[in-house]
Amino acid sequence: MTLDELELVCQQAARNVVARDARPVPATVVLPLANATRVTALAPWPDDDPGRFDLLARFAAEVMRPANAPCYGFLAEAAVDAGGVPTDVVVVAYGARRLGARVTAAPLTADGLGEFLDSEPLDPTAFPFLSPLQHAADAAQPPTV
């Protein structure tokens with residue numbers, strides 16, 4: 001799977017979550033695995049970064065590492081200031097083995113999820129709680145052919 005394909009899988013997972021779940025959109029991990037894509041809502045989502053880090057570290061240890069997952073996606077609802085106007089968005093961060101993470105976002109509208117912005121590299125200080133997911137992806141072994 002390429003990084004572009006991973007981005008599309010994560011964006012489609014975000015669209016599906018928004019279409020079926022009540023607001024706020026739950027913090028969710030997307031794991032594209034060899035036989036299926038696993039989408040897991042993380043509830044309750046802690047209010048603080050240390051709690052989020054611990055939750056994702058447990059998820060990485062219990063789910064990602066045993067599945068040898070080489071990539072991941074993470075999505076959650078957030079409020080951003082768009083030119084002085086508070087806007088609700090779904091943020092999608094995704095990463096793969098030895099490639100680091102990228103981030104994009106799409107506005108939540110009355111009709112669902114709007115168009116995603118162009119992705120950009122994720123500053124590691126922006127979402128420090130995602131590092132357990134990246135470390136687990138980095139530790140995944142390449143597939144045997």
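For clarity, every value in this text was computed on a predicted model and none was experimentally measured.
Ala14 approaches Val90 most closely through the heavy-atom pair CB-CG1, 4.1 Å. For the pair Val39 and Ala13, the tightest heavy-atom approach, listed with the atom from each and the gap, is CG2-CB, 4.4 Å. Scanning both residues, Cys10 and Val92, for their nearest heavy atoms gives CB-CG1, 3.6 Å. Nearest heavy-atom pair, Pro46 versus Pro44, reported as atom, atom and distance to 0.1 Å: CD-O, 3.5 Å. Heavy-atom minimum distance, Ala136 versus Ala60: CB-CB, 3.9 Å.
Checked against salt bridge (charged side-chain N to carboxylate O under 4.0 Å, His left out), Glu7 has no partners two or more places apart in sequence or in another chain. Applying the ring-ring contact (aromatic ring centres under 6.0 Å, His included) rule to Phe127 yields the partners Phe129; only residues at least two apart in sequence or on another chain are considered. In this structure, the side-chain hydrogen bond (donor to acceptor under 3.5 Å, both in side chains) partners of Asn16, at least two apart in sequence or on a different chain, are Gln12. Partners of Ala41 according to the side chain to side chain contact (heavy atoms under 4.5 Å, CB included) rule, which considers only residues two or more places apart in sequence or in another chain, are Pro26, Thr28.
Pairs passing the salt bridge (charged side-chain N to carboxylate O under 4.0 Å, His left out) check and including a residue from residues 44-67, sequence neighbours excluded, read Asp49-Arg52. Counting only residues at least two apart or on different chains, the salt bridge (charged side-chain N to carboxylate O under 4.0 Å, His left out) pairs with a member in residues 71-90 are Arg23-Glu77, Arg23-Asp88. Within the structure, ring-ring contact (aromatic ring centres under 6.0 Å, His included) contacts touching residues 85-108 (residues at least two apart or in different chains) do not occur. Within the structure, no pair that satisfies the salt bridge (charged side-chain N to carboxylate O under 4.0 Å, His left out) test touches residues 115-126, not counting sequence neighbours.
When Val89, Val18, Leu113 are each tested for a side chain to side chain contact (heavy atoms under 4.5 Å, CB included) with Val25, only one passes: Val18.
Between Thr40 and Phe59 there is a side-chain heavy-atom pair separated by less than 4.5 Å.
Leu55 and Phe74 fall within a single hydrophobic cluster, where Ile, Leu, Val, Met, Phe, Trp and Tyr side chains are chained together by heavy-atom contacts under 4.5 Å. Under the 4.5 Å side-chain contact rule for hydrophobic residues, Leu122 and Leu8 do not share a cluster. Residues Leu3 and Leu75 are members of one and the same hydrophobic cluster, defined by side-chain heavy-atom contacts under 4.5 angstrom among Ile, Leu, Val, Met, Phe, Trp and Tyr.
For the atom pair CG of Leu130 and CZ of Phe53, the computed distance is 10.5 Å after rounding to the nearest 0.5 Å. Atom CG in Asp138 sits 11.5 Å away from atom SG in Cys71 (nearest 0.5 Å).
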Donor-acceptor pairs under 3.5 Å, side chain of residues 29-38 to any protein atom, not counting sequence neighbours: which ones?
none

Validation: residues 96-108 side-chain donor-acceptor distances under 3.5 Å, sequence neighbours left out:
unit_1	atom_1	unit_2	atom_2	d
Arg97	NH1	Ala140	O	3.3
Arg97	NH1	Gln141	O	3.4
Arg102	NE	Ser119	OG	3.2
Arg102	NH2	Ser119	O	3.0
Arg102	NH2	Ser119	OG	3.3
Thr104	OG1	Leu117	O	2.5

